[in-house]
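For reference, the structure is listed below as structure tokens.
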Amino acid sequence: MSGNECNGWRVDKRVNLATLLTLVSGLLLAVNTAASLGARLSVMEEKLCAVERRVEEAHAAVIKVERIAERVQGMQETLVDIRSELRRRAG
């Protein structure tokens with residue numbers, strides 16, 4: 001490297017103030033947008049967790065209803081057998 005070269009970044013005198021302000025405002029806008037998206041993502045994750053809990057609760061309820069339906073089916077079959085036996089004895 002020659003003695004005239006600087007290490008790192010430097011601003012050239014030919015870059016006007018409007019360009020620098022535009023770059024800085026664009027950077028601030030990007031940071032603000034990222035922060036806003038992060039907050040929105042957090043809210044959406046919380047909502048997703050709530051929905052997942054409701055789905056798990058609904059799944060547990062479905063399993064209970066299926067078990068009850070199986071018991072009722074067994075009771076209905078037993079009633080049919082009892083009716084058949086009563087008809088056989090009466091007739």
Side-chain angles (χ1 to χ4, degrees):
M1 286 189 190
S2 68
N4 291 338
E5 292 182 30
C6 292
N7 292 335
W9 290 86
R10 69 184 188 112
V11 177
D12 191 348
K13 292 179 183 178
R14 292 177 291 178
V15 176
N16 61 24
L17 184 60
T19 303
L20 286 176
L21 289 176
T22 301
L23 289 172
V24 170
S25 64
L27 179 62
L28 290 175
L29 179 63
V31 169
N32 185 31
T33 302
S36 175
L37 289 175
R40 290 173 123 188
L41 181 61
S42 295
V43 169
M44 295 304 287
E45 286 174 341
E46 290 175 10
K47 288 181 180 181
L48 179 61
C49 288
V51 169
E52 286 175 345
R53 279 192 297 274
R54 282 189 242 146
V55 167
E56 289 172 2
E57 291 169 359
H59 186 260
V62 166
I63 290 173
K64 288 178 183 178
V65 168
E66 287 176 348
R67 290 179 183 161
I68 291 170
E70 290 173 0
R71 289 180 189 163
V72 168
Q73 180 65 32
M75 289 178 192
Q76 287 175 338
E77 291 171 1
T78 302
L79 285 174
V80 168
D81 293 342
I82 291 171
R83 285 182 191 146
S84 297
E85 183 64 27
L86 287 175
R87 286 186 186 140
R88 187 184 62 80
R89 288 185 184 183

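Everything numeric here is computed off the predicted structure, so don't read it as measured data. All values below come from the heavy atoms of this structure, side chains included, with hydrogens, waters and symmetry mates left out.
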About how many Å separate [atom2] of [Y] and [atom1] of [X], when rounded to the nearest 0.5 Å?
X   : Y   : atom1 : atom2 : value
H59 : E52 : NE2   : CD    : 14.0 Å
M75 : I68 : CE    : CD1   : 10.0 Å
L48 : L41 : CG    : CG    : 10.0 Å
L27 : T22 : CG    : OG1   : 12.5 Å
R40 : M44 : CZ    : CE    : 9.0 Å
Q73 : T78 : CD    : OG1   : 10.0 Å

- Hey, is the main chain of V15 close enough, under 3.5 Å, to the side chain of T19 for a donor-acceptor pair? no
- Donor-acceptor contact present, side-chain S25 to main-chain L21, <3.5 Å: yes
- Given the rule in the side chain to side chain contact (heavy atoms under 4.5 Å, CB included) test, do V72 and Q76 qualify, once you have shown the distances and angles that lead to the verdict? CA-CA 6 Å; V72 168; Q76 287 175 338; 4.0 Å; yes
- Task: Would you mind reporting whether E85 and D81 have side-chain heavy atoms less than 4.5 Å apart?
- Result: no
